[in-house]
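Report on the structure given below.
The shown structure was predicted, so the numbers you read here are calculated from the model rather than taken from an experiment. Just so it is clear: chains get the letters A, B, ... in the order the sequence lines come, proteins before strands, and each one is counted from 1.
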Amino acid sequence: MSTELKPNKLQLYNSLSRAKELFVPINSPNVGMYVCGPTVYGDAHLGHARPAIAFDLVFRYLKHLGYKVRYVRNITDVGHLENDADQGEDKIAKKARVEQLEPMEIAQFFSDRYLDNMDALNVLRPSIQPRASGHIPEQTEMVQSILDNGFAYESGGSVYFDVVKYNQKHHYGKLSGRNIEDTLENTRQLEGQHEKRDSVDFAIWKKAAPEHIMRWKSPWSDGFPGWHMECSAMSAKYLGTQFDIHGGGMDLRFPHHESEIAQSVAANGHDPVKYWMHNNMVTINGQKMGKSLGNFITLDEFFTGSHALLHQAYSPMTIRFFMLQAHYRSTLDFSNEALIAAQKGFEKLMKAMETLSKIKVSNQNDFDIKAWITASYEAIDDDFNSPILIAQLFEAVRMINLLHDGKAQIDAENLSLLVTSLHAFVFEILGLNSEASQSSQNDITAGLMQLLIELRQNAKTNKDWPTADLIRNRLTEIGIGIKDTKEGAVWEVL
RNA sequence: GGUCUCUUGGCCGAGUGGCUAGGCACCGGUCUGCAAAACCGUCCACUCCGGUUCGAAUCCGGAAGAGACCUCCA
């Protein structure tokens with residue numbers, strides 16, 4: 001990869017304009033990207049893998065293009081309430097109370113597990129992973145700015161964002177496409193909202209109830225920051241008050257991201273984000289997979305196959321490939337059939353990558369690799385259309401197999417182009433890897449297997465089929481598969 | 001109820017006004033002592049009803065079904 005910036009043809013879909021736009025960084029070649037990370041009070045499920053992988057692709061591709069990307073993904077370890085703002089309990093605090101642990105123990109435990117899962121999926125670690133609890137001063141400062149600018153009011157030790165007043169000067173709802181009037185009419189009246197002037201107002205600082213264990217000092221009360229403050233405060237701290245890309249799940253568009261915009265405008269006087277990107281949901285039986293719905297399968301369960309709905313274990317790369325086979329803005333329905341199809345397709349791709357290294361150069365040439373590369377870049381440039389890019393990869397797989405079978409020829413220049421670009425697309429941009437290393441293949445095992453394969457080969461040479469089949473069948477029984485190939489027999493742990 | 005989105009072949013999943021998506025499965029073939037694997041090839045489509053157009057799965061209108069958000073959620 002060169003350090004020079006490649007010609008800019010990247011189009012991305014901006015949720016704010018509801019249209020694809022040419023990507024032009026605010027301060028090229030620097031790019032600032034913020035993505036909403038997990039609330040760490042439970043294991044990550046398949047749904048959490050979606051934005052992680054989707055924005056990993058964005059991160060990887062922008063770097064591939066030569067941009068200097070600062071990617072910030074937060075860890076939410078405070079502030080998300082179970083129910084309504086006025087009476088809910090902090091999710092992490094609740095979990096801590098139930099399990100009699102320190103809240104930070106809970107947060108640390110699950111954020112470690114989250115990162116382990118992401119590593120397994122070959123998701124690159126963001127440049128910065130700030131925690132909400134580590135940025136309380138930044139958040140209280142921002143609350144103060146909003147108060148100073150007249151877009152919030154204090155009530156009973158809490159501070160509320162004055163949505164109605166804000167909406168008189170700005171448009172609260174421009175991201176999610178709604179009018180405040182509609183929201184006013186349709187918001188259910190909940191109990192305990194007497195502190196708010198209007199039901200659409202939201203807390204930006206919340207006074208802690210006496211039994212609430214997660215609390216910090218502030219000018220208004222001992223309490224904790226509101227739901228949306230952390231992203232506004234931390235993105236501004238690390239990326240500036242105006243940055244390029246903000247990502248997250250579609251379910252965060254309202255109220256979370258809408259409120260982030262309002263807070264930033266109220267505090268800093270201008271919009272915080274140039275391009276808003278939202279990934280769609282993973283569904284199960286056509287319904288969103290979600291914690292509150294209780295229909296989720298954790299990533300660990302996928303990796304081990306330990307869930308009633310799973311027919312087998314699915315490797316991290318199968319999960320990653322499965323995700324990349326769908327466009328990030330489409331819903332993706334989970335099923336064993338789809339996952340198994342993804343697994344087989346992925347294996348086929350990886351085998352072709354191995355075969356690629358055995359291709360021999362010819363004087364003749366049957367393939368226009370430059371055209372293939374152009375088409376592949378067009379796919380990824382079109383709002384990160386990974387399914388089309390993968391279709392392109394399978395075109396390359398076909399070429400590789402034809403070459404390997406001697407049914408087509410390729411010259412040195414084209415082969416070099418193919419190898420270089422294929423490696424870039426598969427490993428660098430899509431972030432796939434071969435998972436080939438089998439821990440069981442130590443020297444002793446390899447030696448024993450070599451011996452058995454030789455014995456069987458001798459039997460085959462003598463046309464002693466019963467002995468040859470006995471060796472193969474007994475190995476199959478203990479979980480080792482034997483395949484006869486042109487280059488001799490190979491084995492694998494089934 | 002309000003706002004918005006979607007409806008593609010056996011399954012998953014792209015897409016454009018006319019030109020092959022791709023993967024998996026199936027079927028046929030090559031290979032093979034047999035088997036498996038691998039490879040090659042073929043088949044199957046655009047929810048329904050109108051309209052615009054020389055031509056629509058693709059644009060417009062309507063119907064039906066599904067989903068998301070409106071409450072913490074990736």
Side-chain angles (χ1 to χ4, degrees), chain A residues 18 35-39 41-42 44-55 76 79-85 88-91 173 176-179 181-183 185-188 190 200 227 247-256 258 278-283 286-293 296 321-322 325-327 329-349 351-352 355 379 382 385-395 397-398 400-402 404-405 407 460 463-465 468-469 472-473 476 481-486 490 492:
Chain A
R18 293 157 189 273
V35 173
C36 290
T39 306
Y41 66 105
H45 58 72
L46 190 61
H48 290 99
R50 191 96 198 258
I53 291 170
F55 293 104
T76 297
H80 281 224
L81 298 176
E82 283 266 313
N83 295 305
D84 179 64
E89 184 176 8
D90 193 286
K91 281 176 171 173
S176 51
R178 64 190 72 208
N179 294 316
E181 290 78 13
D182 297 338
T183 313
E185 285 172 20
N186 291 295
T187 302
R188 284 173 292 169
L190 298 164
V200 294
W227 316 339
M250 264 187 186
D251 48 353
L252 296 178
R253 234 157 56 134
F254 188 90
H256 186 56
E258 196 70 71
H278 292 96
N279 63 275
N280 215 135
M281 301 292 105
V282 174
T283 59
Q287 205 182 26
K288 174 183 164 183
M289 185 180 283
K291 253 175 193 144
S292 48
L293 294 167
F296 62 90
F321 190 73
F322 172 65
Q325 268 195 311
H327 185 81
R329 283 192 290 115
S330 298
T331 56
L332 175 61
D333 199 53
F334 154 82
S335 72
N336 282 281
E337 292 72 21
L339 247 357
I340 289 167
Q343 181 184 52
K344 291 189 177 176
F346 174 67
E347 285 167 359
K348 181 175 177 176
L349 177 62
K351 275 179 184 142
T355 306
D382 183 12
N385 199 325
S386 53
I388 296 285
L389 178 58
I390 288 173
Q392 281 292 121
L393 297 182
F394 280 104
E395 279 299 307
V397 168
R398 213 188 93 255
I400 291 167
N401 288 327
L402 286 172
H404 186 60
D405 289 355
K407 291 173 183 167
K460 286 175 70 175
K463 297 198 189 298
D464 179 6
W465 308 129
D469 289 350
R472 185 174 64 194
N473 292 339
T476 304
I482 293 287
K483 293 177 197 168
D484 293 327
T485 71
K486 284 173 195 162
V490 295
E492 65 180 357

| query | Given B:C6, is OP1 or OP2 found less than 4.0 Å from the side-chain N or O atoms of A:Ser330? | reply |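 No.
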If the [atom1] atom of [N] is compared with that of [M], how far apart are they to the nearest Å?
{"N": "B:A63", "M": "B:A21", "atom1": "P", "value": "32 Å"}
{"N": "B:G29", "M": "B:A35", "atom1": "P", "value": "13 Å"}
{"N": "B:C48", "M": "B:A56", "atom1": "C1'", "value": "16 Å"}
{"N": "B:G17", "M": "B:C26", "atom1": "P", "value": "36 Å"}
{"N": "B:U8", "M": "B:G67", "atom1": "P", "value": "14 Å"}
{"N": "B:C60", "M": "B:A25", "atom1": "P", "value": "38 Å"}
{"N": "B:A36", "M": "B:C31", "atom1": "C1'", "value": "12 Å"}
{"N": "B:A57", "M": "B:C6", "atom1": "C1'", "value": "14 Å"}

| In terms of the angle between their ring planes, are A:Phe321 and A:Phe346 parallel, tilted or perpendicular, with boundaries placed at 30° and 60°? | tilted
Using a heavy-atom cut-off of 4.0 Å across all strands, would you classify [X] as base, sugar-phosphate, or nothing?
{"X": "A:His45", "answer": "base"}
{"X": "A:Val282", "answer": "base"}
{"X": "A:Ala391", "answer": "base"}
{"X": "A:Asn280", "answer": "base"}
{"X": "A:Gly177", "answer": "sugar-phosphate"}

Just so I know, are the side chains of [X] and [Y] near enough to count as touching, which here means a heavy-atom distance under 4.5 Å?
{"X": "A:Met289", "Y": "A:Leu293", "result": "no"}
{"X": "A:Leu46", "Y": "A:Phe296", "result": "no"}
{"X": "A:Trp465", "Y": "A:Lys460", "result": "yes"}
{"X": "A:Leu332", "Y": "A:Arg50", "result": "yes"}
{"X": "A:Leu393", "Y": "A:Leu349", "result": "yes"}
{"X": "A:Val282", "Y": "A:Thr331", "result": "no"}

| task | Looking only at side-chain atoms of A:Arg18, point me to the closest of B:C4, B:C73, B:C24. | result | B:C4
| query | Between B:A14, B:A74, B:C70, which nucleotide has the shortest distance from any of its atoms to the side chain of A:Pro255? | reply | B:C70
Round to a whole Å and report the spacing from [atom1] of [X] to [atom2] of [N].
{"X": "A:Lys344", "N": "B:C24", "atom1": "NZ", "atom2": "P", "answer": "9 Å"}
{"X": "A:Arg50", "N": "B:C73", "atom1": "CZ", "atom2": "P", "answer": "19 Å"}
{"X": "A:Phe321", "N": "B:C24", "atom1": "CZ", "atom2": "C1'", "answer": "11 Å"}
{"X": "A:Arg178", "N": "B:G1", "atom1": "CZ", "atom2": "C1'", "answer": "14 Å"}
{"X": "A:Arg253", "N": "B:U5", "atom1": "CZ", "atom2": "P", "answer": "9 Å"}
{"X": "A:Phe394", "N": "B:A14", "atom1": "CZ", "atom2": "P", "answer": "15 Å"}
{"X": "A:Ile340", "N": "B:G10", "atom1": "CD1", "atom2": "C1'", "answer": "15 Å"}
{"X": "A:Glu395", "N": "B:A21", "atom1": "CD", "atom2": "P", "answer": "12 Å"}

| said: Could you go through A:Gln325 and A:Ser386, starting from their C-alpha distance and side-chain angles, then the distance that decides it, and tell me whether this counts as side-chain contact (heavy atoms from CB on, under 4.5 Å)? | reply: CA-CA 6 Å; A:Gln325 268 195 311; A:Ser386 53; over 6 Å; no
| query | Under the side-chain contact (heavy atoms from CB on, under 4.5 Å) criterion, do A:Asp251 and A:Lys288 qualify, and how do the steps go? | reply | CA-CA 10 Å; A:Asp251 48 353; A:Lys288 174 183 164 183; 3.3 Å; yes
| query | Excluding sequence neighbours, so at least two apart, what forms side-chain hydrogen bond (donor to acceptor under 3.5 Å, both in side chains) with A:Lys291? | reply |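 If we apply the side-chain hydrogen bond (donor to acceptor under 3.5 Å, both in side chains) test to A:Lys291, skipping adjacent residues, there are no hits.
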| task | Using side-chain hydrogen bond (donor to acceptor under 3.5 Å, both in side chains) as the criterion, list what pairs up with A:Thr283, not counting sequence neighbours. | result |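 side-chain hydrogen bond (donor to acceptor under 3.5 Å, both in side chains) check on A:Thr283 returns A:Asp333.
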| remark: With B for base contact, S for sugar-phosphate-only contact and - for none (protein heavy atoms under 4.0 Å), nucleotides 32-41 of chain B reads -BBBBS-SSS
N/O-N/O pairs, protein side and nucleotides 66-68 of chain B side, under 3.5 Å:
unit_1	atom_1	unit_2	atom_2	d
B:A68	OP1	A:Lys288	N	3.4

| message | Pick the closest RNA chain B nucleotide for A:Asn279 and for A:Gln325 by heavy atoms, then say which residue is nearer the 5' end. | response |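 Per heavy-atom nearest nucleotide, the more 5' residue is A:Gln325.
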| said: If you apply the rule side-chain contact (heavy atoms from CB on, under 4.5 Å), what do you find for A:Ile482 with A:Asp484, and how did you get there? | reply: CA-CA 7 Å; A:Ile482 293 287; A:Asp484 293 327; 4.3 Å; yes
| Residue pair A:Met281, A:Met250: steps toward the side-chain contact (heavy atoms from CB on, under 4.5 Å) verdict | CA-CA 7 Å; A:Met281 301 292 105; A:Met250 264 187 186; 4.1 Å; yes
| task | Only counting residues at least two apart or in another chain, list the ones meeting salt bridge (charged side-chain N to carboxylate O under 4.0 Å, His left out) with A:Glu395. | result | A:Arg398
| query | How would RNA chain B look in dot-bracket form, 5' to 3', counting Watson-Crick and G-U wobble pairs with both distances under 3.5 Å and writing | for bases paired to another strand? | reply | (((((((..(((.....[...)))..((((.......)))).....(((((..]....))))))))))))....
